[in-house]
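In what follows, a structure is listed as structure tokens, so that the remarks can point back to it.
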Amino acid sequence: GLGTSTVVPAYFARTHDVSVAASSSILAVANLAMILGGIGAGFLLTRGMRTIYLYIAITLGGMASGFLLYAPWITFSFSVTALVGRVLTTGAAVAVLMALLPQVVRDPTRGGSAAGLVGQVMAFTNFLTPPIYLSMLSKGRWLPFVALVLSGWIVSLAFLPAWRQRRAVP
């Protein structure tokens, strides 16, 4: 989901013949789902849902919505729905990753540094998305771009520290 906001307005304008202004407005409203995704993930984690199962569900939702968002044959209204799903799962994923930070850092006083590093990685991916988009998606080569999106979700799942979590004994 990182970088979606930088490419969706141009993609909607090109693929669905919607103005960049209208696409940007739709994206602005859709981004509210990112907040709901973070709150929803936090709610489920506080209710005892295992982090790995939650992240697997988030990954599957992110992959499905990412594929459908950029599929050129999808109708505009369905593409907007996929966009909402994409930002919802991104918000949920970020919430889960932040919740896992205490397991990653050995020294509890380094939590702020770890959160800062996560923020820098997110900013860097936002920086890289437009050139990748311009080299692939804007030339009608949507499958390599979607493969990259799907790979991002798979890699994030593979390296998730929750794989090492042990179930709490009651």
Side-chain angles (χ1 to χ4, degrees), residues 1-45 54-101 114-160:
L2 301 175
T4 297
S5 60
T6 59
V7 301
V8 163
Y11 178 73
F12 277 179
R14 183 175 290 112
T15 307
H16 298 290
D17 295 320
V18 178
S19 73
V20 172
S23 298
S24 296
S25 297
I26 290 166
L27 178 64
V29 172
N31 275 330
L32 295 174
M34 192 176 287
I35 298 167
L36 295 176
I39 292 170
F43 177 81
L44 292 171
L45 289 173
L54 176 58
Y55 201 81
I56 288 171
I58 292 167
T59 299
L60 293 174
M63 290 173 69
S65 60
F67 177 83
L68 294 172
L69 172 60
Y70 296 109
W73 66 84
I74 299 297
T75 64
F76 179 65
S77 58
F78 197 78
S79 194
V80 169
T81 303
L83 172 64
V84 171
R86 181 110 170 103
V87 296
L88 180 95
T89 54
T90 300
V94 170
V96 169
L97 293 175
M98 291 300 188
L100 287 171
L101 281 182
L117 180 61
V118 170
Q120 291 300 314
V121 168
M122 291 169 57
F124 184 66
T125 59
N126 279 314
F127 175 74
L128 288 180
T129 300
I132 293 169
Y133 166 78
L134 291 172
S135 68
M136 291 181 185
L137 199 55
S138 66
K139 293 181 177 84
R141 295 180 14 224
W142 73 280
L143 278 176
F145 186 75
V146 169
L148 186 62
V149 168
L150 300 181
S151 298
W153 280 107
I154 292 168
V155 167
S156 73
L157 178 62
F159 288 101
L160 194 71

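Computed from a prediction, not measured in an experiment: that's the story for all the values here.
Contact detail for F67 and W73: the closest heavy-atom pair is CZ-CH2, 4.0 Å. The minimum heavy-atom distance between A41 and V96, with the atom names listed, is CB-CG2, 4.1 Å. Here the shortest heavy-atom pairing between P131 and L128 reads CD-O, 3.0 Å.
Scored by the side-chain contact (heavy atoms from CB on, under 4.5 Å) test, T15 finds Y11, P72 as partners (sequence neighbours excluded). In this structure L44 satisfies the side-chain contact (heavy atoms from CB on, under 4.5 Å) test together with M49, L54, sequence neighbours excluded. For F12, the ring-ring contact (aromatic ring centres under 6.0 Å, His included) partners are H16, F76, not counting sequence neighbours. When the side-chain contact (heavy atoms from CB on, under 4.5 Å) test is applied to I74, the partners found at least two apart in sequence or on another chain are L68, A71, F78, S79.
Atom CG in L100 sits 7.5 Å away from atom CG in L45 (nearest 0.5 Å). The distance from the CG atom of L83 to the CG atom of L88 is 11.0 Å, given to the nearest 0.5 Å.
Counting only heavy atoms from C-beta outward, the side chains of W153 and I58 approach each other to under 4.5 Å.
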List the atom pairs, with distances to 0.1 Å, where a side-chain N or O of residues 20-38 and a protein N or O form a donor-acceptor pair under 3.5 Å, not counting sequence neighbours.
| unit_1 | atom_1 | unit_2 | atom_2 | d |
| --- | --- | --- | --- | --- |
| S23 | OG | S19 | O | 3.0 |
| S24 | OG | V20 | O | 2.9 |
| S25 | OG | A21 | O | 3.1 |
| N31 | ND2 | L27 | O | 3.3 |

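Residues in residues 54-69 take part in these side chain to side chain donor-acceptor pair (under 3.5 Å) pairs, two or more places apart or across chains: Y55-S156.
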